[in-house]
Structure formats: structure tokens, C-alpha cells
Novice: 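Below you will find the structure I want to go over with you.
Computed from a predicted structure; not experimentally measured. Counting begins at 1 with the first residue of the sequence.
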Amino acid sequence: MHIDGKAAKAASGGTFDVYDPSTEQVIATCPAAGAADIDRAVLAAKRAFYEGWKTTAAQERGRILFRLADRIRARRGELAELETRNSGKPIVEAEYDMDDAATCFEYYGGLATKINGEVLPVPADAIAFAMKEPMGVAGQIIPWNFPLLMAAWKIAPALAAGCTVILKPAEQTPLTILKLAEDFEAVGLPAGVVNIVTGDGPGAGAALVAHRDVRKIAFTGSAEVGRLIMRGAADHLKRVSLELGGKSPNIFFSDADFENAVDGALFGTFINQGEVCSAGSRVLVQKDIYKKFVDAAAAKAKTIKLGPGLDRDTKMGPLVSKEQRDRVAGYLKIGAGEAKVAAGGGVPRQFSTGWYVEPTIFYDVDNSARIAQEEIFGPVMSIIPFTDEADAIRIANATEYGLAAAVWTRDIFKAFRVVRSLEAGIVWVNHMQPTFVEAPWGGYKSSGFGRELGHWGVEEYLETKQVYINLDEKPIGWY
Ligand code: NAI
Ligand code: MG
């Protein structure tokens with residue numbers, strides 16, 4: 001772990017194993033933190049906040065963020081390889097993630113000096129303004145699908161705001177952020193400003209959520225744990241932001257560019273093995289192109305090259321863990337009873353090791369089926385037919401989630417009408433998944449609340465202080 005500027009073990013001496021999902025071999029052993037370790041990390045973060053970071057010039061905080069970005073770029077190859085070995089994802093995708101993580105630190109390095117207050121036109125002989133201040137110590141809990149990138153999304157805006165951080169990576173994938181932590185002091189981060197604590201949810205995560213000196217919890221993960229976090233945060237009335245995944249609709253009208261649409265459906269669902277919170281796993285296809293679309297998508301899905309992520313021609317790696325593979329395989333069984341299979345549907349036979357799942361397409365799926373309502377978090381697409389625009393919108397919104405959605409059409413009027421009708425925090429037109437640090441990220445409904453990225457991301461770590469300055473020197477004279 002990385003606590004108060006130093007490598008640290010768990011007070012209990014406990015550890016857990018970290019795996020390579022393509023070989024199923026243990027590649028590292030990490031400390032299993034408990035409440036005592038969280039206590040130590042919070043103490044360090046609190047001291048670092050009050051003894052310096054809170055008042056460190058924004059320009060200086062920005063420069064440190066730029067240097068973190070430089071370190072990621074300088075170590076891109078090494079970090080990407082480690083990310084692939086630990087998460088299973090194709091190396092080409094891991095390289096994109098490293099670039100995006102660096103860009104995220106650069107964006108917030110720039111934003112650190114642009115956090116402004118406002119002057120307010122109050123009527124009395126006075127001036128009033130609203131100023132922004134860092135919340136204090138932030139606890140951050142992240143998942144395993146984009147390990148270093150999710151760490152960047154959390155750490156960069158918090159530091160730009162002037163908060164100090166305790167970040168708990170997912171127990172499956174702690175390695176890249178621990179590797180980057182080796183450079184924290186070299187880039188000028190004072191000890192205790194960013195602490196990385198490893199461990200599982202109930203042992204380490206829950207202790208972070210319960211700690212009285214943590215002012216804010218930022219979480220990305222399952223809706224189930226999101227609910228636990230909200231309850232846990234209630235005791236000390238902590239600020240909370242939650243990004244909880246979804247069951248996002250990807251809507252294809254018959255006037256869309258057909259070839260591109262089929263590619264977009266596959267890309268939207270299968271990128272990163274389908275382990276994507278915004279995966280377009282509900283594919284809604286208009287009836288007049290439905291049959292042709294199912295056939296074309298299935299034919300293409302069968303050509304996706306599975307293999308170890310380190311092979312450069314791999315398009316889909318293994319799932320992150322045995323637990324996740326078994327979970328997804330369970331949904332393949334459920335799906336076989338609820339709908340028809342157009343491609344995949346099982347665990348591939350050609351590998352002697354590795355937690356692989358075939359890219360799978362179910363069709364004739366009813367939107368009320370479990371495979372249309374529950375987040376699977378694997379390479380599983382459910383294709384649902386629709387008749388017209390109103391039908392598409394009705395089906396698209398018939399879900400508890402509301403993270404993302406996409407619509408494909410050449411008709412600009414239809415595209416914008418559908419955009420307006422979708423209950424989702426992110427909507428793409430004629431693409432699905434492009435994500436930019438400048439634009440807000442987060443969900444409606446059970447996909448959570450709060451927004452990451454852009455200026456919205458930094459606001460999640462800021463309090464607003466109202467200041468009133470009396471300019472009238474005559475006595476108040478009331479009593
Ligand atoms: P999870 O939600 O249990 O884990 C995410 C993070 O929360 C990890 O760091 C974990 O250690 C932590 N955590 C777990 N229990 C906690 C608790 N009681 N208190 C505090 N922190 C806790 O996700 P899991 O079990 O890895 O995956 C299960 C399903 O969750 C997936 O199949 C997928 O549907 C969904 N998921 C969604 C993600 C998203 O990006 N929206 C990411 C990961 C999983
Ligand atoms: Mg869990």
C-alpha cells in the first residue's frame with residue numbers, strides 16, 4: 001500500500017492474492033487493509049490537508065498533476081502491460097486507457113487554476129460573494145474494469161479541488177495505481193496527500209465509508225454496493241457521489257448506415273470484454289432491418305479474436321476473475337431459457353487456462369427478461385425488436401438504470417427528438433462509448449448521482465462558502 005508517503009503493510013499482516021486472468025496464476029500479493037489501516041491513512045490525509053495541501057497554491061497543485069501525467073506517458077508501455085496482465089484487457093485498449101489517464105491529470109492540472117467564485121448583486125450597501133473550498137479528506141472506491149483510468153478520474157479532480165485522498169482500488173486490480181504511487185513523491189506530492197489502501201469491500205471499503213474524518217465518498221461499482229455506501233455515509237452525513245452502471249439501450253433505426261450500425265452495436269457491447277458500466281447491452285433494432293441486423297451482428301461476433309490480452313491481435317481478453325466469469329456464465333444459462341442465441345452462448349473450449357466467455361448475442365429478447373434488465377458486465381448482447389420511434393423510446397426507458405444510451409439514424413429531427421426523450425446521463429448519436437474528460441459522466445435513476453469529468457467533476461469535491469461584507473459604517477441601531 002502507499003500510506004503517508006511510504007510503502008505500507010496491513011497492521012494485521014493479512015494479505016490477498018492478485019491474478020492474471022489469462023493464466024489464472026497469482027502475480028502479486030497485496031496487503032488486506034482493515035479499519036486500523038484506514039485509520040492510519042485518514043490520519044495522514046487529514047494532516048496533509050490541514051498542514052499544507054489546503055493552502056498550496058492552485059498553480060503548484062496543477063503542476064504536480066501535469067507531472068503525474070508526464071509519469072504516466074513516460075511509463076506508458078510498462079503500465080499498459082501491467083494493466084493487461086492484471087485485468088485481462090487487450091493491450092491496445094490498455095494503452096488507450098493509459099493515454100486517457102494522462103489526459104485526465106492534464107485536464108485537471110489546468111482546471112486547478114480556474115476554480116472561481118462568484119460576486120453576488122445583493123441589494124444592501126454590501127458586497128457578497130460565494131467562494132469555493134475543498135471539502136477535506138476524500139475517500140474513493142473504484143472497480144476493476146478500468147483500474148488506472150478510474151483512479152485518475154477520482155484522484156485528479158480531488159487534488160485540483162485541494163482535497164487529500166484515500167483511494168481503495170478493487171481487490172482484483174490494485175497493481176497499476178500502486179506502480180504509479182512509486183512516483184508520487186518524485187512528482188512533488190507531499191506525503192499523505194494521496195494514500196492507496198488495498199483490500200476488499202467489507203474490510204477496507206466499509207471502514208473508509210464509516211470513518212468520521214472522511215468528508216466525502218466517491219464510488220464507482222455495483223448498484224448493490226452503492227446502496228450500502230449511501231447508508232454507511234448517512235451516520236456522518238458525508239457527501240456521496242455514485243456511478244453505478246446500467247443496462248444502456250443502443251437504438252438502431254432502419255435509416256442508419258447499416259455496416260457502421262452493426263459495428264457500433266458490437267463496439268458498444270463488447271469493448272473491454274463488455275465489462276463497461278456504459279455498455280450498450282440492450283440493442284434495440286427497428287423491425288424492417290431486424291433479421292438482417294441479427295444475422296450480420298452474429299456473423300461479425302463470431303470473428304472476434306479471443307486470447308490473452310498481451311497478444312497484439314487479441315480483440316477480446318478473459319474476464320477479470322473466476323467469480324465474474326461464473327457470474328456471466330450464469331447469465332448465459334438464464335438467457336438460453338429467455339431468448340434465442342445468435343452467436344456464442346458459452347465458455348470457449350480452445351483455452352486450457354483463462355476466464356474467457358464467448359461474445360454472445362441473444363435475440364428476440366423481451367425487455368422484461370432478466371438478460372434485458374440486469375447488468376451482466378460481460379460480452380453479452382440482448383437484441384430487442386421495435387416498431388417505431390415511440391416504441392423505441394418506451395422500451396429504452398423501461399429500465400431502473402439511466403447511465404447511457406445511443407441512437408443511430410440519418411434523420412437529424414428524429415435523432416434530436418430521441419435524445420430529448422431518453423432518461424440517461426450520457427447520450428451518443430451515431431456512435432457509442434467515446435468518452436472525453438471535458439464532458440460530464442454520470443447517470444439518472446439507479447445509475448447513481450453526481451457527475452465526474454469536466455468542471456462537474458471538480459465540483460464534487462468543493463464546498464461553497466457564502467461571504468457577506470458590510471460596506472455601511474453607520475450603526476446597525478436595531479436594539
Ligand atoms: P462491487 O460493486 O462489489 O465492487 C466495486 C468496488 O466496491 C470494489 O473496490 C469493492 O472492493 C468495493 N466494495 C464492495 N463492497 C463494499 C462495501 N460493502 N463497502 C465499500 N466498498 C465495497 O462490484 P463487483 O462485486 O466487483 O462486481 C459485481 C457487479 O457489479 C458486476 O457484475 C457489475 O454488474 C457491477 N459493477 C459495475 C461497475 C461499474 O463500473 N458501474 C464496476 C464493477 C462492477
Ligand atoms: Mg461485490
Novice: Tell me, please, which residues at least two apart from Arg327 pass salt bridge (Lys or Arg N to Asp or Glu O under 4.0 Å).
Specialist: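 Residues passing salt bridge (Lys or Arg N to Asp or Glu O under 4.0 Å) with Arg327: none at all.
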Novice: Give me the one residue out of Phe253, Tyr290, Phe293 that meets ring-ring contact (aromatic ring centres under 6.0 Å, His included) with Phe386.
Specialist: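 With Phe386 as partner, Phe253, Tyr290, Phe293 yield a single ring-ring contact (aromatic ring centres under 6.0 Å, His included), made by Phe253.
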Novice: Using the side chain to side chain contact (heavy atoms under 4.5 Å, CB included) rule, pick out the option among Asp183, Ile64, Thr164 that qualifies with Leu189.
Specialist: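 When Asp183, Ile64, Thr164 are each tested with Leu189, the side chain to side chain contact (heavy atoms under 4.5 Å, CB included) holds only for Ile64.
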Novice: Using the side chain to side chain contact (heavy atoms under 4.5 Å, CB included) definition, which of the options Val328, Ile334, Thr360, Leu332 pairs with Ile376?
Specialist: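 The side chain to side chain contact (heavy atoms under 4.5 Å, CB included) with Ile376 is passed solely by Val328 among Val328, Ile334, Thr360, Leu332.
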Novice: Would you tell me whether Lys247 and Ser382 have side-chain atoms, one donor and one acceptor, within less than 3.5 Å of each other?
Specialist: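 No, because no side-chain N or O of Lys247 sits under 3.5 Å from a partner of the opposite role on Ser382.
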Novice: For Gln324 and Trp355: C-alpha separation, side-chain torsions, deciding distance, then whether side-chain hydrogen bond (donor to acceptor under 3.5 Å, both in side chains) applies.
Specialist: CA-CA 8 Å; Gln324 192 62 14; Trp355 295 307; over 6 Å; no
Novice: Among side-chain atoms of Thr409 and Asp411, is any donor-acceptor pair under 3.5 angstrom?
Specialist: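 The criterion, which ignores hydrogens and geometry beyond distance, is not satisfied for Asp411 and Thr409.
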Novice: Under 4.5 Å between any side-chain heavy atoms of Glu460 and Pro157, yes or no?
Specialist: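 The answer is no; the side chains never approach within 4.5 Å.
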Novice: Can you list everything that forms a salt bridge (Lys or Arg N to Asp or Glu O under 4.0 Å) with Glu182? Sequence neighbours excluded, please.
Specialist: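 With sequence neighbours excluded, Glu182 shows a salt bridge (Lys or Arg N to Asp or Glu O under 4.0 Å) to Arg75, Lys179, given in chain and number order.
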Novice: Side-chain atoms of residues 442-450: list all donor-acceptor pairs with protein atoms under 3.5 Å, sequence neighbours left out, distances to 0.1 Å.
Specialist:
residue, atom, partner, partner atom, Å
Lys445, NZ, Asn397, O, 3.1
Lys445, NZ, Thr399, O, 2.9
Lys445, NZ, Glu423, OE1, 3.1
Ser446, OG, Glu400, O, 3.4
Ser446, OG, Glu400, OE1, 3.1
Ser447, OG, Gly245, O, 2.7
Ser447, OG, Gly402, N, 2.9
Ser447, OG, Leu403, N, 3.0

Novice: Would you check if Ile361 and Pro359 make a side-chain contact, meaning some heavy-atom pair closer than 4.5 Å?
Specialist: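 Answer no - side chains too far apart.
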Novice: Does any N or O in the side chain of Glu463 come within less than 3.5 Å of the main-chain N or O of Lys132, such that one atom is a donor and the other an acceptor?
Specialist: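 Not confirmed, Glu463 side chain does not pair with Lys132 backbone.
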